[in-house]
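Keep in mind that what you see is a predicted model, and the values were worked out from it rather than measured. Quick note: numbers below take in every heavy atom, side chains included, and nothing from hydrogens, waters or symmetry partners.
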Amino acid sequence: MIDHVNELTDDAPRTGTPPEGVAVAVWSLDTLRDSVAGHPVAAAGEVLDAAEQERAARLKRPADRQRYLASHLGLRVLLGGYLGLAPHEVTLVRETCPCCGGPHGRPAVAGGPVHFSLSHSGDVAYLAFSGVPVGIDVEETPSAEALADVLPLLHPAEIAELNALPEADRPDGLARVWCRKEACLKAQGTGLALGLVDPYVGSAATPAPVPGWTLRDLPAPAAYAAALAVRA
């Protein structure tokens, strides 16, 4: 497990050199912040590219828009720190989708040596950076309604494990499964296109092995779970 998660605040982050190989740097961000590393979230349009601004504009709820702007501002600040660029100079692209070959695979830096992943849930964002493909996910503990909706979509063994837990423990168990699975799928670049059955990640305190990937849980705030997947 990674024992330390860096916190991105209003101070300039000390990113250092980009992670190489399977080394990973993980950062967290409170997405309710008014500014990120000295950049006002209200003026994020001066930093984000046209695609990011368009997506933010499509979010109808102000709270959702705030979280999106803050997390993407944080992403650009950190990428800029690793690459020696101003945040607005970072060029983001999409890799080829491994499922259909379309231009909507994993987000990436154009020509950059850094692989990254971003996730936000509730008022928290997690960001991971590595020299190899990486996926990160953070999830708020789901409601009973969300548990009922998602449970049938999981791997049969995960369904059995969660149903065997005391009812009060099932939301936390699902949060573990969900963030582990999302981290793997984001690292692979497939997202949810192929469903939630595979890979099997388990609901126990330690993730199940996933061939080709190193999967680990991350420290997370109360009522959240987080996980990281890195290409082995």
**Student:** Can you tell me if Arg94 uses its side chain to pair, donor with acceptor, with the backbone of Gly105 under 3.5 Å?
**Tutor:** yes
**Student:** Are Arg176 and Glu139 close enough, and set up right, to give a salt bridge (Lys or Arg N to Asp or Glu O under 4.0 Å), and what steps lead you there?
**Tutor:** CA-CA 8 Å; Arg176 289 194 296 272; Glu139 295 292 338; over 6 Å; no
**Student:** Give the intermediate values and the outcome of side-chain hydrogen bond (donor to acceptor under 3.5 Å, both in side chains) for residues Ser119 and Asp137.
**Tutor:** CA-CA 5 Å; Ser119 174; Asp137 195 62; 3.0 Å; yes
**Student:** Do the side chain of Lys181 and the main chain of Gly202 share a donor and acceptor less than 3.5 angstrom apart?
**Tutor:** no
**Student:** Start with the C-alpha gap between Glu89 and Arg76, add the side-chain angles, then the distance that decides, and say whether salt bridge (Lys or Arg N to Asp or Glu O under 4.0 Å) holds.
**Tutor:** CA-CA 9 Å; Glu89 294 175 331; Arg76 285 181 165 275; over 6 Å; no
**Student:** Any non-hydrogen side-chain atom of Trp27 less than 4.5 Å from a side-chain atom of Pro13?
**Tutor:** yes
**Student:** Check whether Val90 and Leu69 end up in the same hydrophobic cluster, where Ile, Leu, Val, Met, Phe, Trp and Tyr are linked by side-chain heavy atoms less than 4.5 Å apart.
**Tutor:** yes
**Student:** Run through Leu59, Val124, Asp123 and flag the one making a side chain to side chain contact (heavy atoms under 4.5 Å, CB included) with Arg67.
**Tutor:** Asp123
**Student:** Could you tell me the separation between the CG atom of Asp34 and the NE2 atom of His39, rounded to the nearest 0.5 Å?
**Tutor:** 15.0 Å
**Student:** Any side-chain heavy atom of Thr214 sitting closer than 4.5 Å to one from Leu228?
**Tutor:** no
**Student:** For Ala187 and Trp213, which heavy atoms make the closest approach, and how far apart are they?
**Tutor:** CB-CZ3, 3.4 Å
**Student:** To the closest 0.5 Å, what do you measure between CG (Asp11) and CZ (Arg14)?
**Tutor:** 9.0 Å
**Student:** Show your reasoning for whether side-chain hydrogen bond (donor to acceptor under 3.5 Å, both in side chains) applies to Arg231 and His115.
**Tutor:** CA-CA 11 Å; Arg231 178 172 288 172; His115 295 264; over 6 Å; no
**Student:** Treat each ILVMFWY residue as a node, draw an edge where side-chain heavy atoms are under 4.5 Å apart, and state whether Val210 and Tyr200 are in one component.
**Tutor:** no
**Student:** For a 4.5 angstrom cut-off between non-hydrogen side-chain atoms, does Leu79 reach Leu92?
**Tutor:** yes
**Student:** For a side chain to side chain contact (heavy atoms under 4.5 Å, CB included) with Val36, tell me which candidate from Thr31, Leu75, Leu73 qualifies.
**Tutor:** Leu73
